[in-house]
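Here is the structure we will look at.
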There are 2 protein chains.
Amino acid sequence: MTLKDLARELGVSTATISNAFNRPDQLSPKLREHILSEARRLGYSGPDARARSLRTGRSRIIAVVLAETLTYSLNDAVASELLSGIAEVLDTRGHTLLLLSGRQNAASVPGASSIADGFIIYGLMPSLTLFSDLPPERPLVAVDFDIEDHATVHVDNEPACYAIARHALRTPTRRPAVINLRLTEQPCNGRIDGDQALLSSKRTITRARLAGFQRAFVEAGIDPAEVPMWNIEENTFEVCTPVIEEILDLPEAERPDLLLCMSDRIALTVVTLAEQRGLRIPEDLRLTGFDGIAEGQYRAPRLTTVRQDSTEKGRIAARMILGMEPAESRVMATEMMIGDTCP
Amino acid sequence: MTLKDLARELGVSTATISNAFNRPDQLSPKLREHILSEARRLGYSGPDARARSLRTGRSRIIAVVLAETLTYSLNDAVASELLSGIAEVLDTRGHTLLLLSGRQNAASVPGASSIADGFIIYGLMPSLTLFSDLPPERPLVAVDFDIEDHATVHVDNEPACYAIARHALRTPTRRPAVINLRLTEQPCNGRIDGDQALLSSKRTITRARLAGFQRAFVEAGIDPAEVPMWNIEENTFEVCTPVIEEILDLPEAERPDLLLCMSDRIALTVVTLAEQRGLRIPEDLRLTGFDGIAEGQYRAPRLTTVRQDSTEKGRIAARMILGMEPAESRVMATEMMIGDTCP
DNA sequence: GCTGCTAACTAAATCGTTCCAGTCCATCCT
DNA sequence: AGGATGGACTGGAACGATTTAGTTAGCAGC
């Protein structure tokens, strides 16, 4: 049952059927009423989206391209919040959300995705080839990384990390350390060498976070090169665990008494594993996180962290894509939250 | 730049271009090579998905219709796991995932969604009108509820809840209680009357869970009608909190010493609020959850719960939609996990 | 009765592909 | 040599809508 069938059945032109569904002012109310009721009766459920999108060039679909696998992103609190902010705005404007993973098979993405009216890219590195394969001429907003000639949204990573590190360093520390997230270019889950990591990194946000930490170290009279660093490859409990065990199981003289973590997931894993070892927080070990996810605030000890409003970040990206606000480069403010893990 | 433009430019037919992209065996390797490289050079990034989907009738897009708002679903661990299972299978088969919310504006869903090749419906009640508006003749799998004439996937809710309640009731209890999740037809966040809730409920899964609990009560010589029940409207910390505070702040003589919770989120909220009140678990209060989410197993006390493999549930639903396995009614097994909250 | 205007509707081109049914030509078989 | 075979490529009709540029019919104004 197509629009054409219906037109023939009712003895009107296809244009009239189309107008009945799309432009009520173009035909008399009673004819429209008649068409709609007959359509229902004959089992015609409105214009086919595929044909419509071909003809009009718009699908009311916005694609979100996620750097990581969908499996990871959907289980990550920060990515989920971002998505829900995006979904919220799209929903109210009658658009829907297509999820694409950039990592799995970048090659196949563009083909499937050229159906979307716009693209929100989250956490990809600019170098990814996928990037250039996206259909040109369609709006594109990058979230959490910078790319030339396109709108971007992210938080003030460097100042935020500077501020929280400064806070942490106000209390004397014998052995501070940093746990980075996906900082290195080559995958590496464990201890890393500072200089090398910084030089090779293209991950702009984690790099900015580290820069903030290091500025605070310098200011506190600590040589950043002396601060031990570890790197975490994926922001999950499972991947964090071995690295953090390695840290916590160091001989007491070498074990850090302050851990600056690049995410709340890392910080929460530290809390869990420290509790298991009978380490007291913050007496034996102080730590800070980043993100401000809900899970970190439910139970004691509440994380000392930087709260970023990922939901709002998603809303902004969505509004930019829909042209509800100017698509320009935008930096969001964060908020430091002093919890129990580093008073 | 369209396929036709490219054909004219290269002096070949459109069919040949199409074949170059879709059916390599239909033309000589060198011509294909030539076409692909010229396409790249001229900025043609492959067949347009909109036109292709009209012509072929397939879009390689599967829609997931979520009963709740997208915002809620994306932040809920169980829904996220389901989605990641779905995404995982779709991804490997070159399909993508369109997210639709059934709750927000059911009316607008069908129009936008008729682009999808198939539908996975999660947690909707059969009565929803949206249901009948979905394009007919396209595969549909229901997850976590039953609907006639369509494939369904869910876990063995009744036996699982019977088993865990039986386990809990082996230790003598003075005042057991049940915290339901979205059991009542009318929204109600607080204490409910047992009979009324059961009679009016169309939520098949929560109803099955309650039935399991009640079977165990009867077997243990407890009159289910005497067991106090509460209802939670949304599976979030914020919505759970006031109800659970009400329960925990009851005079000690009335306060339950065993709480059978219908979700891990509820159980975790109980743990958090009980800790704040200095209640010892399990000495002062024993409790069980349902779902087996990761968050409930990280930190002490680990939840005693029923683990359902939501990721696998998603995988199965996706495989059914893609025709990789027979689309029939399927009940998955669960696994009881004895944690610290109810040894 | 003629003109002009508007509301209501229609005819037909178009969107960018896919794919069926050929056409053409070189090679192979007998 | 003549017919059969098959590989390589083409023409053109769909797919199901939207939209522009009309064509009517009805009516008011003079």
Side-chain angles (χ1 to χ4, degrees), chain A residues 1-36 38-39 42-61 110-117 135-138, chain B residues 1-36 38-39 42-61 110-117 135-138:
Chain A
M1 194 73 193
T2 73
L3 185 147
K4 202 194 283 183
D5 297 335
L6 185 60
R8 194 177 334 98
E9 202 79 33
L10 300 189
V12 297
S13 77
T14 62
T16 301
I17 306 282
S18 176
N19 284 333
F21 281 97
N22 303 313
R23 291 190 284 185
D25 57 311
Q26 294 294 302
L27 73 174
S28 66
K30 65 169 179 292
L31 177 58
R32 178 173 135 92
E33 206 59 38
H34 177 233
I35 288 174
L36 294 183
E38 284 297 282
L42 295 169
Y44 176 72
S45 50
D48 179 88
R50 314 190 213 261
R52 167 182 287 177
S53 75
L54 170 59
R55 178 58 231 231
T56 64
R58 301 193 310 105
S59 59
R60 302 187 84 79
I61 290 175
S113 73
S114 64
I115 208 151
D117 293 342
E137 313 292 327
R138 287 189 220 171
Chain B
M1 194 70 195
T2 73
L3 185 149
K4 203 194 282 184
D5 296 337
L6 184 60
R8 193 178 332 101
E9 203 78 33
L10 300 188
V12 299
S13 77
T14 62
T16 300
I17 307 283
S18 177
N19 284 333
F21 281 96
N22 302 312
R23 292 191 281 187
D25 56 312
Q26 295 294 303
L27 72 176
S28 65
K30 67 170 176 293
L31 177 56
R32 177 173 137 92
E33 207 59 40
H34 177 234
I35 288 174
L36 293 183
E38 283 297 283
L42 296 169
Y44 176 73
S45 49
D48 178 87
R50 314 189 211 262
R52 167 183 289 177
S53 75
L54 170 59
R55 176 59 232 227
T56 63
R58 300 192 311 103
S59 58
R60 301 186 86 79
I61 291 176
S113 72
S114 63
I115 207 151
D117 292 343
E137 313 292 326
R138 289 189 216 170

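Every chain is numbered from 1 and lettered A, B, ... according to where its sequence line falls, protein lines coming before strand lines.
- Contact annotation: Asn22(A) side-chain N/O to dT18(D) OP1/OP2 distance is under 4.0 Å.
- Looking at heavy-atom distances under 4.0 Å, Ser18(A) makes contact with a base.
- The CZ atom of Arg8(A) sits 14 Å away from the P atom of dT10(C) (whole-angstrom rounding).
- Whole-Å rounding puts the Met1(B) CE to dG16(C) P distance at 12 Å.
- For the pair Asn22(B) (side chain) and Asn19(B) (backbone), a donor-acceptor distance under 3.5 Å is absent.
- Nucleotide dA11(C) holds its P atom 14 Å from the CG atom of Leu3(A), rounded to whole Å.
- Atom CZ in Arg50(B) sits about 15 Å away from atom P in dT18(C), given to the nearest Å.
- When distances run from any side-chain atom of Arg52(A) to the nucleotides dT10(C), dT18(D), dC19(C), the shortest one goes to dT18(D).
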Original post:
Run the side chain to side chain donor-acceptor pair (under 3.5 Å) check on Asp117(B) and Ser59(B) step by step: do they pass?
Top reply: CA-CA 6 Å; Asp117(B) 292 343; Ser59(B) 58; 3.1 Å; yes

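- The side chain of Arg23(B) has dC19(C) as its nearest neighbour among dA17(D), dC19(C), dG16(C).
- Here the side chain of Ser28(A) is nearest to one of dA17(D), dG16(C), dA8(C), namely dA8(C).
- With Arg50(B) contributing its side chain and Ile115(A) its backbone, the two residues share a donor-acceptor pair below 3.5 Å.
- In this structure, Ile17(B) reaches neither bases nor backbone, as no heavy-atom distance under 4.0 Å exists between it and the strands shown.
- Atom CG in Asn19(A) sits about 14 Å away from atom P in dA17(D), given to the nearest Å.
- Atoms CG (Leu10(B)) and C1' (dC9(D)) sit 14 Å apart, rounded to a whole Å.
- Across all strands shown, Phe21(A) has no heavy atoms under 4.0 Å from either base or sugar-phosphate atoms.
- The side chain of Leu31(B) lies closest to dC9(D) when the candidates are dA8(C), dT18(D), dC9(D).
- Ser114(B) places a side-chain N or O within 3.5 Å of a backbone atom of Ala49(A) that can act as its donor or acceptor partner.
- Within the nucleic acid shown, Ser53(A) has no heavy atom closer than 4.0 Å to any nucleic acid atom.
- Atoms CD (Gln26(B)) and C1' (dC19(C)) sit 10 Å apart, rounded to a whole Å.
- The backbone N or O of Pro47(B) sits nowhere less than 3.5 Å from a side-chain atom of Arg52(B) that would complete a donor-acceptor pair.
- Counting any heavy atom pair closer than 4.0 Å across all strands shown, Leu54(A) reaches a base atom.
- Taking only side-chain atoms of Ser13(A), from C-beta outward, the nucleotide of dT17(C), dA11(C), dC9(D) with the closest atom is dA11(C).
- Remark: Arg55(A) is not in phosphate contact with dT14(C), judged by side-chain N or O atoms under 4.0 Å from OP1 or OP2.
- dG16(D) atom P lies 13 Å from atom CD of Glu137(B), rounded to whole Å.
- Of all heavy-atom pairs spanning Leu6(B) and Tyr44(B), the tightest one is CD2-CD2, 3.7 Å.
- For Thr16(A) and dC9(C), the shortest distance from a side-chain N or O to OP1 or OP2 is not below 4.0 Å.
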